[in-house]
Amino acid sequence: MFQGDRLQISEEVHDALSTSKPIVALESAIITHGMPHPANLSTASSLETIIRSKGVVPATIALINGKIHVGLTESELIQLSDPQSKISKGAVKVSRRDLGPVISLKKTGGTTVAGTMYIAESLGIKIFVTGGIGGVHRGAESTMDISADLLELGRTPMAVFCAGAKSILDIPRTLEVLETQGVCVASYGDEQDFPAFYTPSSGCQSPWRVGDADAAARLIYTQLSLPTKLSTLLGVPIPSQHAEAGAEVQKSVEQAVRESVELGIDKRGKEVTPWLLKRVGELTGGKALGLNVNLIENNARIGAEVAVKLSEMYRLESEKGDALKYLYSPPSSHNQGTSTLHKPNGQMVEPSLAIGVEETIRPTQSTRPTSIPTPSTKIELPEPSVLVFGSAAIDLTSTSPHTLEPRTTTPGTVFVSPGGVGRNIAEAAQNLLPDHAVQLISAFGTNRAFIPTSHHHHTQGVSNEGLSDSCSVQSELEEADSFGKLLMLELTAAGLRTDGLIGESGKSTAVCSLTLEKNGDLVAGVADMGIVETLSPLTIEDTIRTRSPSMVVFDCNLTEEVVRAILKTCGQLNIPTFCDPTSLPKIPRLTASLLSLLPASPTDSRPLTNISPNILELDHLYNLVGTLSEKSEEIESRSWEYINSLNLGYEWRGKVDNWLSKPDRQWIKDQGIIPKMIRLLPFISSFWLKVSSKGLILLELASSPTRITPHSGDGIVYNIDSKIHRGKYLVLKHYLPPDIAQDEIVSTTGAGDTLVGGLVAGLVNGKAKEDWVGKALEGVKKSLKSRRAVG
């Protein structure tokens, strides 16, 4: 591996390497030297798009200012392709022999086939796609001009897809050298002819042939699983629709070769190839360039398809051992040097994830009239600026100064207080906002109550003596259950409105019973929170549209259908959202909605605006999104397109590495916190990571630079500077926790919810973060010192 900071791997490629996703390497000499500007940029971008469309990660390799980059951002591609840019001026071709000098002299260069292979294989990348390989130059018997590509193919074990050798070369001698180097050469498709770049046949035969992606993957897998790994060169003929035009260009190639001999240029060594290429361009009027693009795009498509098959084989190997035992059927014959690998008996089909599927949603709300007891007189309340959807519960908190013993009771105290993630957030936010600014939308349980009423009547001709003047008549009514009544009394006492609560007949109001250690840490608990799952998507959508709040907040106690309804409705109305994941088992209710609502364009808003996970919840969310994304090529392609649009190149990585270099931040690096949040940015705009005693970490895409001071939080402000996100900044900040002694902590329950409520209030107020994040953290301090969830 490369030492120090010489190697810069993009977020997308790093993720693919760590999760064994299929990767295709791409060279950059075609950008710096092979094509004119801007065709070089459009071709490089097109190749990456084609590869991503197959569910594969492209890894374009280049050297920039003396550092090896594997995976380029949009900004890096643009600058590398422009010969007048600061980066690209003086760019050199980088083969294997040039790596040391270019790195030590801090130069920029485009990697050749040999240079790209050396770097890619060192990282474990198994497939590389290029246009055409170098080879034996005409007249090499006297000049010894033989491309380093051929020697690299003999010593670097990986698969290379190309359109054969460039047609200006001596192809018969090129194949001889490849044979001497021990390289397996195979033609891809129905014919065994070795292609000659612009034409499907060079007049030479390949020793082997593979008919399709399955056969190619099996060949590559076998070559790389031998005791000494071996390389494979696959010659892909130019697509048939371009063959006729290719034949015309080939005539120009032959004319240019004749002219080089007549003018004596063929004796000038390294000057021969550039002269021939330039002359071919002149003779064809630019047609050669268009064909060059067509054939390399075709190579990229086929290389990516094979990469997917090869990845499946390695996955099968990790599960069952040698994949060939399960996939290979021996050929019935060996004909004229052709080896045909039969297809496996069954296709491996990955389940696809539907995007933007409309669902039929039915209301589940009770229509029975409900009596809602409230200690306050009913008044006309203003429209809320914040809607909070989530659980509202009664917390029963048990503590004891004694050691808790199993299977017996322990003397102590039981404290009753209002709770529920949604309710806690609503109270904390309301404490910092104007009266009635927050409306909590939740559910409570109701029971049937029979209320006796008196109905007076007189019967003509009958004596009333001995009879009562009235008959007892019972009226049926729904009233809140015991915990429901207590909940509404507590809401009113906390200054929260109760007009958003919905009664559910026959259900129980949510209750959470917690048992705490002497130091306030949670030992165990039982939560009966199911009633919140009765909230209807239609009711939620109607509430949001009617209220038009400044922000919608929700916890993940809600059903997946309700979460999707919230995100979809708020997206349509451009209302910011804030989610608290609640707990690990609840996170899947969020992830499916995030993936299904991922927009097609990186310019569109993300499905979720804010999220406040802890480290475990971030890990779980990262793993779930990664696993589900892999099952949908479209989602995977969209998410990486967004990440790449952020231009998180060497400047960003340098800032992050420098910031993480301090010993007290090593834990952030060790837990991979920043890469995980970056991977989730296509789905979520802002992260407020709760890190317990270490404080709060913010990562967000901001419209203006944020001040970085000890008072306002230490961190990084990165100017994205791309046409998609022009004027946007990626902000990373670490806020220290509130200063509180351990013996002052009464209970940690509700501290995270209190922090979220404070953040919501600050976001709604619209003031600078340095003015209100500190207040939110102070609220946490009060919560930690209180027996109530929100202090």
Enquirer: With a 4.0 Å cut-off on N to O distance, would you call R52 and E12 a salt bridge?
Expert: yes
Enquirer: Where is the tightest heavy-atom contact between A429 and A761, given as atom of each residue plus distance?
Expert: O-CB, 3.9 Å
Enquirer: Please enumerate all residues that pass ring-ring contact (aromatic ring centres under 6.0 Å, His included) together with Y650, with sequence neighbours excluded.
Expert: H69
Enquirer: So, for L598 and P682, which heavy atoms are closest and what is the spacing to 0.1 Å?
Expert: CD1-O, 3.2 Å
Enquirer: Does any N or O in the side chain of T582 come within less than 3.5 Å of the main-chain N or O of C556, such that one atom is a donor and the other an acceptor?
Expert: yes
Enquirer: With a 6.0 Å cut-off (strictly less than), is the heavy-atom count around CG of D739, excluding the residue itself, greater than 12?
Expert: no
Enquirer: Report yes if the side chains of V308 and V56 come closer than 4.5 Å at any heavy-atom pair, otherwise no.
Expert: yes
Enquirer: Can you tell me if S601 uses its side chain to pair, donor with acceptor, with the backbone of T603 under 3.5 Å?
Expert: yes
Enquirer: Quick one: closest heavy-atom pair of M158 and A120, and the distance?
Expert: CE-CB, 3.9 Å
Enquirer: Tell me which pairs pass salt bridge (charged side-chain N to carboxylate O under 4.0 Å, His left out) where either residue lies in residues 584-602, with sequence neighbours left out.
Expert: E533-R589
Enquirer: Could you list the residues that satisfy salt bridge (Lys or Arg N to Asp or Glu O under 4.0 Å) with E27, not counting sequence neighbours?
Expert: none
Enquirer: As an exercise, state the distance from CG of L696 to NZ of K733, rounded to the nearest 0.5 Å.
Expert: 10.5 Å
Enquirer: Which pairs would a plain distance check flag for residues 16-25, meaning a side-chain donor or acceptor within less than 3.5 Å of a matching protein atom at least two apart in sequence or in another chain?
Expert:
| unit_1 | atom_1 | unit_2 | atom_2 | d |
| --- | --- | --- | --- | --- |
| S18 | OG | H14 | O | 3.1 |
| S18 | OG | D15 | O | 3.0 |
| T19 | OG1 | D15 | O | 2.6 |
| K21 | NZ | D15 | OD2 | 2.6 |
| K21 | NZ | E636 | OE2 | 2.8 |

Enquirer: Kindly give the heavy-atom pair with the smallest separation between S645 and P602, and that separation in Å.
Expert: OG-CB, 4.0 Å
Enquirer: Any chance you could lay out the side-chain contact (heavy atoms from CB on, under 4.5 Å) test for I68 and T111, step after step, and finish with the verdict?
Expert: CA-CA 10 Å; I68 297 169; T111 53; over 6 Å; no
Enquirer: Checking the side chain of T627 only, and the main-chain atoms of N623 only, is there a donor and an acceptor separated by less than 3.5 Å?
Expert: yes
Enquirer: Please confirm whether K126 makes a cation-pi placement over Y314, using NZ or CZ under 6.0 Å from the six-membered ring centre and within 45° of the ring normal.
Expert: yes
Enquirer: Measure from the side-chain N and O atoms of H734 to the backbone N and O of K694, and report whether any donor-acceptor pair falls under 3.5 Å.
Expert: yes
Enquirer: Can any side-chain N or O of S661 pair as donor or acceptor with the backbone N or O of N658 at less than 3.5 Å?
Expert: yes
Enquirer: Under 3.5 Å, side chain of T108 to main-chain N/O of I87, donor-acceptor pair present?
Expert: yes
Enquirer: Does V552 form a side-chain contact (heavy atoms from CB on, under 4.5 Å) with I566? I'd like the steps, not just the answer.
Expert: CA-CA 8 Å; V552 169; I566 290 173; 3.7 Å; yes
Enquirer: For a 4.5 angstrom cut-off between non-hydrogen side-chain atoms, does V563 reach F554?
Expert: yes
Enquirer: Between atom NZ of K690 and atom CG of L616, what is the distance when rounded to the nearest 0.5 Å?
Expert: 11.5 Å
Enquirer: Could you grab the distance from atom CG of L595 to atom CZ of R638, nearest 0.5 Å is fine?
Expert: 10.5 Å
Enquirer: Heavy-atom distance under 4.5 Å between the side chains of L558 and L535, does that happen here?
Expert: yes
Enquirer: Report yes if the side chains of I103 and L63 come closer than 4.5 Å at any heavy-atom pair, otherwise no.
Expert: yes
Enquirer: Quick one, I9 with L123, criterion side-chain contact (heavy atoms from CB on, under 4.5 Å). Give me CA distance, side-chain angles, the key distance, then yes/no.
Expert: CA-CA 10 Å; I9 303 176; L123 295 173; 4.1 Å; yes
Enquirer: Rounded to the nearest 0.5 Å, what's the gap from NE2 on H620 to NZ on K676? Could you check?
Expert: 12.5 Å
Enquirer: Let me confirm one number: the CG-CD distance from L689 to E617, rounded to the nearest 0.5 Å.
Expert: 9.5 Å
Enquirer: Do Y622 and D619 have side chains that get closer than 4.5 Å, going by heavy atoms?
Expert: no
Enquirer: Can you name the nearest heavy-atom pair linking N647 to S722, along with the distance?
Expert: ND2-CB, 3.0 Å
Enquirer: Any heavy-atom pair between the side chains of I674 and L660 that's under 4.5 Å?
Expert: yes
Enquirer: Under a 4.5 Å cut-off applied to non-hydrogen side-chain atoms, are R423 and S391 in contact?
Expert: no
Enquirer: List the residues meeting ring-ring contact (aromatic ring centres under 6.0 Å, His included) with W652, not counting sequence neighbours, and say none if there are none.
Expert: Y718
Enquirer: Would you check if there is a donor-acceptor pair between the side chains of N765 and W772 at a distance under 3.5 Å?
Expert: no
Enquirer: Could you tell me whether a side-chain N or O of S28 sits under 3.5 Å from a main-chain N or O of I31, the two making a donor and an acceptor?
Expert: no
Enquirer: Do you know the tightest heavy-atom contact between S629 and F683?
Expert: OG-CZ, 4.1 Å
Enquirer: To the nearest 0.5 Å, how far apart are OG in S75 and CG in N644?
Expert: 12.0 Å
Enquirer: Return yes if a side-chain donor-acceptor contact under 3.5 Å exists between E560 and S593, otherwise no.
Expert: no
Enquirer: Let's go through V731 and L699 carefully: what are the C-alpha distance in whole Å and the side-chain angles of both, what is the deciding distance for side-chain contact (heavy atoms from CB on, under 4.5 Å) to 0.1 Å, and is it a yes or a no?
Expert: CA-CA 6 Å; V731 177; L699 179 75; over 6 Å; no
Enquirer: Closer than 3.5 angstrom, by distance alone: can the side chain of D555 be matched with the main-chain N or O of G422 as a donor-acceptor pair?
Expert: yes
Enquirer: Quiz question: by atom type and distance under 3.5 Å, do the side chains of E317 and Y221 form a donor-acceptor pair?
Expert: yes
Enquirer: Would you check if the side chain of S45 reaches a backbone N or O of L41 as a donor-acceptor pair within less than 3.5 Å?
Expert: yes
Enquirer: Side-chain donor-acceptor pairs under 3.5 Å in residues 570-578, sequence neighbours left out?
Expert:
| unit_1 | atom_1 | unit_2 | atom_2 | d |
| --- | --- | --- | --- | --- |
| Q572 | OE1 | R545 | NH2 | 2.5 |
| T577 | OG1 | T609 | N | 3.1 |
| T577 | OG1 | T609 | OG1 | 3.3 |

Enquirer: Using only atom types and a distance under 3.5 Å, with no angle test, would you say the side chain of S612 pairs donor to acceptor with the backbone of V756?
Expert: no
Enquirer: Taking C-beta and beyond as the side chain, do L646 and E74 meet within less than 4.5 Å on heavy atoms?
Expert: no
